[in-house]
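A short write-up of the structure that comes next.
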Amino acid sequence: MSKPKQGQPETGVNRRSFLKGTAAAAGAAIAGATQLAQAAEATAEKIAPGKAAAEKKLPSESFITNPGSDFMADVMRAVGLQYLAINPASGFRSLHESIINHLGNKDPEILTCMHEESAAGIAHGYAKAAGKPMGIMMHGTVGLQHATMGIYNAWCDRVPMMIFASNGLQADKRRPGVEWLHSVQDCGALVRDFVKWDDQPTSLQHFAESCVRARKITMTAPMEPVMVMCDIEVQEDAVHGKPRIPKITQLTQPQGDTAALREAAKLLVAAERPVIIADRACRSQEGVKLMVELAEALGAAVVDNGWRTNFPSTHDLELSFMRQTLVRDADVILLLEVNDPWGNLNSMSDPYKVARPIHKPDAKVITIAMQEVYLKSNYQDIQRFMPVDLAIGGDVEATLPDLIDAVKRAMTSERKAAAGQRSAAIAKMHRQMKDRDKEASANGWDASPVSTARLSAELWNAIKGEKWCLAMSDRMSWPRRLWPVTEYHQMLGGTGGAGVGGALPISLGAALANKDKGIITVTIQPDGDLMYAPGALWTAAHHKIPLLLVMHNNRCYHMEIMHVQRMAGIHQRRQDTCHIGNNITNPDIDFAKVAQGLGVWAEGPVTDPSKIGPALKRALAEVKNGRPALIDVVTQGR
Ligand SMILES: Cc1ncc(C[n+]2csc(CCOP(=O)(O)OP(=O)(O)O)c2C)c(N)n1
Ligand SMILES: [Mg+2]
């Protein structure tokens, strides 16, 4: 509510007396209107400070100068939270005020989000780029319900995140009306299937211990989101006694069993055609280095499925896009934190669902993973059961040094010679694969709408001189095929749970974490995904998050068109109707205008491929000045 500007006519009815009058007329039972009247009173006090206070002076014992929320904010700082992504809400008004006035809005700093799903997505991307959790604070029930999809994506992508949700546990202390609507008996029930742990602390000491515990749990592999409730009474009541923040634990990751690793090394060294497949194996550049050491010691081909950067795409032993051929010929297959072992080693026809193994029946399969250490039953992100020969529980990056050591010990000169010969043959396949990719990328080079290969090539050309990160590296396969990837931070994978709407906020979170490292973050942004919660663009502009967004604007939910077309084919019916329900046209969305309206520098739509390069140059200049920028490119399907 704002005071009328000078020169503007007052509305006929005085708003304050109108609201008060309404409340009186409807009787004291109409709680919502009463609250509005109180809000109007508070606003009047803001506008004319002192007047309302003079009318109604609070006795000094009414002040709470040591609210519990100050201590809770201290706890958030102690567990290392640099940011807290929120959509504001009365359920955590006390904590909100403590963070800005007690902590000075620093460590954590508040990020204003326009949708709770965006807050969760930002924390998700931040965790992948920063290697540590961000906090998000949700309004109990309503806010948390909005956040669920983002939390599920993070769960599937195995990232740490600290979720806080407000709740009013004590019924006799709830304000009538909204505070009841926004409180629950069991807040965690809503997300318990896809968070690693949750707790509902009922005292400040309990809150401190639970937060320190939560940090430890979320940062131990398999890393997953955790949630701690912030009870309204605990926040708003004064501190009683002397709550203490427990010591923050120094963590190490669980390592695979040494005897089992020796067994694995024996199998791998004896293999004629060993293959390594990695999903979310690495957490840092150190992991990538170890992967190279292992592959070179074995002379083994590596398939990086791309959910993190696990292996340099420039390395001679990299054959990521030849998985089927490699698996078909392999005698020993090592799966490193692979989420879907069955899906990597078998095929299933669609839509007939005929399953067929790709691997040889006697191929030995070894897994190193943490995912079996921690599972939930309801959501089925565990994929189909795959019998394996040796399953080693352990974090891959922590386990690789011992495995490499065991491989080197098991190596003989004869096996070394075999590995050398094999490496040369794999290197030849690698070069041929890269040549094929380059050739294929030239198809439709000058086409309009722009081909996805051309879009990728133009983007690469714009950023190749920078320290770069492609926040969403799974939107199309071309960047992984064409760009030279050597560093862990360069490609961060996908949304995790394939929940559309995640790409935009996850990219933003990554850009936020990369901001202070001098890394330019770019993303290939699908149109359908952006429109779930485009308000995240405002957050990028407001908080000056330097992200270069290149729209992959195919003006449709293209993936779904392909599904409906497949069904029409099987049903022996017409194909020309399959765009219905899938096209995002008529009207075409003007993404440059959408972005500009939300405060983001933008250009487009670009339909001529030769104009992409110059547009990207202008956008990059904006990003280098610390602001987000968007180029809308009208593209072909996928
Ligand atoms: C939350 C959610 N709703 C619906 C889907 C189904 N879905 C899968 S891909 C897709 C199309 C997404 O469109 P866009 O982001 O433009 O990407 P495109 O397929 O066009 O490249 C949809 C709707 C989903 N995966 N997640
Ligand atoms: Mg699309």
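For ligands, and for the atoms within them, numbers begin at 1 and follow the listed sequence.
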So the atoms of ligand 1 within less than 4.0 Å of a heavy atom of Met559 turn out to be 9 (S), 19 (O)
Calculate the angle formed at the Mg ion (ligand 2) by OD1 in Asn554 and OD1 in Asp527; 10° precision is enough. 90°
Please state which protein non-hydrogen atom is closest to atom 15 (O) of ligand 1 and give its distance, to 0.1 Å? Asp529 N, 3.0 Å
Using a 4.0 Å cutoff against the non-hydrogen atoms of Cys556, which atoms of ligand 1 qualify? 16 (O), 20 (O)
Enumerated ligand 1 atoms positioned under 4.0 Å from heavy atoms of Gly528: 14 (P), 15 (O), 16 (O)
Using modelled atom types only, decide if a donor and an acceptor are shared between the side chain of Arg454 and the backbone of Trp445 within a distance under 3.5 Å. yes
Quick one, Val159 and Met223 - any side-chain contact, counting heavy atoms below 4.5 Å? no
Side chains of Gln82 and Met134: does their closest heavy-atom pair fall under 4.5 Å? no
Identify, for atom 16 (O) of ligand 1, the protein heavy atom at the shortest distance, and state residue, atom and that distance. Asp527 OD1, 2.6 Å
Yes or no: does Gly501 have any heavy atom under 4.0 Å from an atom of ligand 1? no
If you take the nearest heavy atom of each of Tyr532, Tyr557, Tyr152, which one is closest to atom 4 (C) of ligand 1? Tyr532
Going by an N to O cut-off under 4.0 Å, is there a salt bridge joining Arg566 and Asp350? yes
Nearest-contact summary for atom 21 (O) of ligand 1 - protein heavy atom, Å: Arg638 NE, 3.3 Å
For Tyr374 versus Pro222, what's the shortest heavy-atom pair and its separation? CB-CG, 3.7 Å
Quick check: does His552 put an N/O/S atom under 2.8 Å from the Mg ion (ligand 2)? no
Whether Phe194 and Tyr379 hold their rings parallel, tilted or perpendicular, with breakpoints at 30° and 60°: perpendicular
So which bit of Asn554 gets within less than 4.0 Å of ligand 1, heavy atoms only: side chain, backbone, both or neither? side chain
Among all protein heavy atoms, pick the one closest to atom 5 (C) of ligand 1 and tell me residue, atom and distance. Val500 CG2, 3.9 Å
Polar atom proximity, Gly499 to ligand 1 (N or O, under 3.5 Å): no
Tell me the contacting part of Ala503 for ligand 1: side chain, backbone, both, or neither, using a 4.0 Å heavy-atom threshold, strictly below. neither
Residues Arg280, Asp157: salt bridge by 4.0 Å N-O rule: yes
Does this structure show an ion pair linking Lys434 with Glu318, if we count only N-O contacts that are shorter than 4.0 Å? yes
Near Ala498, which atoms of ligand 1 are under 4.0 Å from a heavy atom of that residue? 24 (C), 25 (N), 26 (N)
Would Arg308 and Tyr488 count as a cation-pi pair here, with the cationic atom under 6.0 angstrom from the ring centre and within 45° of the axis? no
Students should be able to answer this: which protein heavy-atom is nearest to atom 17 (O) of ligand 1, and at what distance? Pro526 CB, 3.6 Å
At a non-hydrogen distance cut-off of under 4.0 Å, which region of Glu560 contacts ligand 1 (side chain, backbone, both, or neither)? side chain
